[in-house]
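Report on the structure given below.
Every chain is numbered from 1, with letters handed out A, B, ... down the list of sequences.
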2 protein chains.
Amino acid sequence: MSSSARVSVKANRLEEILFAAAECFQQQGFAATSIDTVARHLGATKGRIYHYFPSKMDLFNAVRDRAMELAFEAIKEGYESTRPTEVRLGMMVRGQALGMMQYHSFMQVLLDGLRMRRYGATTEFQRQAMALHLEQRDAFEAMYREVLSKGHEEGLFKIGRMSITLRSFVISANSPVFWYQKRDDDDQAKLEAIADEIVAFAMRGLGVDWPDDEFLHSNQVRQTT
Amino acid sequence: MSSSARVSVKANRLEEILFAAAECFQQQGFAATSIDTVARHLGATKGRIYHYFPSKMDLFNAVRDRAMELAFEAIKEGYESTRPTEVRLGMMVRGQALGMMQYHSFMQVLLDGLRMRRYGATTEFQRQAMALHLEQRDAFEAMYREVLSKGHEEGLFKIGRMSITLRSFVISANSPVFWYQKRDDDDQAKLEAIADEIVAFAMRGLGVDWPDDEFLHSNQVRQTT
DNA sequence: ATGGAAACATACTACCGAGTATGCTGTCAA
DNA sequence: TTGACAGCATACTCGGTAGTATGTTTCCAT
């Protein structure tokens, strides 16, 4: 076996563990999930997991970091778009809502991570990882804040106090993470229809006269597909 | 000591334990919270808690039930009001958002309870308690659904698919539970200002042309205070 | 006053789960 | 071929935790 092939096998193993861990953490939360549970989910034993991750906390952090990457990826297209501000924002919400459904397990882990802010960070290294993660969260929020501010200055959005509106808005985009459940029959179109509904609610929340018709809207936004 | 005085002492003890448990469960979640931790929070030992609650799960259920009661109480005034539909709904959101901040610990426990739906119910009795709780959740959601439907029929609200809009709307009202943190300087007026901001966002999300001015709005709604 | 029960604290058991130490097997490099 | 290391599985340690059993004290009813 060539060296590069070994690397990819190793990368695959990491991915397998990451996905299994994400599902377990999502279903039961960090504290209630044992390493053995994750291992059983993989059809393996603890040995395998501890061969790739030094501790349970590191495994969790890896899942959380991945979730963060996915979240950034989800809003990237909208954020970087040069279209009008309200369209950009709509694309961001749409991408994020879709991400919440498509990567549901990973995203739910982000919630769990929030709670750890207070009590969990024992070692210095862990504290650093937590600090880094909080920075990423801030950066993520800042992207929304920037676009919201821009739209506000342009007279497009009704925003009272930015901090409250921002949080309400982002929570709306996140909302599928709380109630979405995978069904056998959901295809991409179905998820997009749900996402469009969320976009409409969130955009109207800012006082934008978002069109009622889902198809009109998705044709307008889905220019790149 | 009279018999009735003993009852009230016992009720006080129950309340103490309930509040301490709520805080602990909120900070660390159910699984990560030990009975000893709750006891230490009370300046007592396990004996005290197990004297009043047969198991950790029963304690958690008690906290969750209380949280449910508080949630119902929070939206009751708005729901039972005879004012126009959009005002009723605004009052409901306002009450709920306030409740999420005022009873923050209890409310956060409701979130944790959601996750247990899947894995946690071991005994038959526990299964019943969970089923009862899910009924209550449905009943709670149904109250919002009813008012939303009424407003939709009256042509007041823009609602695409009810299930999605309903969830987005309720999540918006719940949103302070995710980010609110008690400060030393928050008085009732401050919380109400936050709540008003959330109400504005949520109502606009339904396409209602909710007024910008917070004071105007709160004078309009806060008729009973 | 005194038996007894309520209201706990203390001491103990039994188990589970994170982390470790060690053993086993295939694979590659020299 | 061989040794050495990756890639695990197995077997163990040990601290923490739910629940129990057993004191101990206070307080009330009789």
Side-chain angles (χ1 to χ4, degrees), chain A residues 1-21 24-25 27-63 112 116 119-123 125-126 129, chain B residues 1-21 24-25 27-63 112 116 119-123 125-126 129:
Chain A
M1 188 188 289
S2 77
S3 172
S4 69
R6 260 237 302 282
V7 166
S8 104
V9 164
K10 181 162 183 173
N12 277 339
R13 287 303 197 189
L14 281 168
E15 284 295 288
E16 280 178 27
I17 296 174
L18 224 53
F19 273 76
C24 294
F25 286 145
Q27 287 174 15
Q28 315 189 354
F30 174 74
T33 300
S34 73
I35 296 286
D36 293 278
T37 302
V38 180
R40 231 171 308 155
H41 212 75
L42 282 164
T45 64
K46 285 157 70 148
R48 177 123 136 218
I49 293 177
Y50 278 106
H51 183 71
Y52 291 90
F53 295 92
S55 78
K56 183 184 176 185
M57 196 61 183
D58 285 277
L59 176 57
F60 181 83
N61 284 336
V63 174
D112 236 31
M116 290 182 185
Y119 86 108
T122 44
T123 76
F125 187 76
Q126 287 299 340
Chain B
M1 188 189 290
S2 77
S3 172
S4 69
R6 261 237 302 281
V7 167
S8 104
V9 164
K10 181 161 183 172
N12 278 338
R13 287 305 197 189
L14 281 168
E15 285 294 288
E16 279 178 28
I17 296 174
L18 225 53
F19 273 76
C24 294
F25 286 144
Q27 287 173 15
Q28 316 189 352
F30 174 75
T33 300
S34 74
I35 295 286
D36 293 277
T37 303
V38 179
R40 232 172 308 155
H41 212 76
L42 281 164
T45 65
K46 285 158 70 147
R48 177 123 136 220
I49 294 177
Y50 278 105
H51 183 72
Y52 291 90
F53 295 92
S55 78
K56 184 185 174 185
M57 197 60 183
D58 285 275
L59 176 57
F60 181 82
N61 283 338
V63 173
D112 235 34
M116 291 183 183
Y119 86 109
T122 46
T123 76
F125 188 77
Q126 287 298 339

*Roughly how many Å is it from CG in A:Asp36 to P in D:dT10, rounded to a whole number?*
12 Å
*Partner residues of A:Glu15 under the side chain to side chain donor-acceptor pair (under 3.5 Å) criterion, sequence neighbours left out*: A:Arg66
*Quickly work out the B:Gln28 CD to D:dG16 P distance and round it to whole Å.*
14 Å
*asked:* Test of understanding: with ring-ring contact (aromatic ring centres under 6.0 Å, His included), list the residues that count as partners of A:Tyr50, not counting sequence neighbours.
replied: none
*Can you tell me the distance, in whole Å, between the CD atom of A:Glu16 and the P atom of D:dC8?*
9 Å
_Without decimals, in angstroms, what is the distance between B:Phe53 CZ and D:dT20 C1'?_
19 Å
*Taking the nucleotide of DNA chain C with the closest heavy atom to each, which residue, A:Thr37 or A:Pro54, is nearer the 5' end?*
A:Thr37
*Using side chain to side chain donor-acceptor pair (under 3.5 Å) as the criterion, list what pairs up with A:Asp112, not counting sequence neighbours.*
B:Arg115
*Does A:Thr45 have any side chain to side chain donor-acceptor pair (under 3.5 Å) partners at least two apart in sequence or in another chain, and if so, which?*
none
*Between atom CE in B:Met57 and atom P in D:dT17, what is the gap in whole Å?*
18 Å
*Would you please name every residue forming a side chain to side chain donor-acceptor pair (under 3.5 Å) with B:Asp36, sequence neighbours left out?*
none
*Would you please classify the geometry between the B:Phe60 ring and the B:Phe30 ring as parallel, tilted or perpendicular, with 30° and 60° separating the classes?*
perpendicular
_A:Arg13 side chain near D:dA6 phosphate (N/O to OP1/OP2, under 4.0 Å)_ = no
*asked:* Heavy atoms from C-beta onward define the side chain here; which of C:dT20, C:dG17, D:dG7 lies closest to that of A:Tyr52?
replied: D:dG7
*Figure out the CG/P separation between A:Leu59 and C:dG19, and round it to whole Å.*
10 Å
*Figure out the OH/C1' separation between A:Tyr50 and D:dT13, and round it to whole Å.*
13 Å
*For A:Phe19, does the CZ atom sit with more than 12 other heavy atoms under 6.0 Å from it, leaving out its own atoms?*
no
_Output the rounded distance in Å from NZ (B:Lys56) to C1' (D:dT20)._
17 Å
*Of all the choices, C:dG19, D:dA18, C:dA6, which nucleotide is nearest to the side chain of B:His51 once you look at every atom?*
C:dA6
*Identify, residue by residue, the members of residues 38-49 of chain A with a heavy atom below 4.0 Å from DNA chain D, and return them in order of residue number, or none.*
A:Ala44, A:Thr45, A:Gly47, A:Arg48
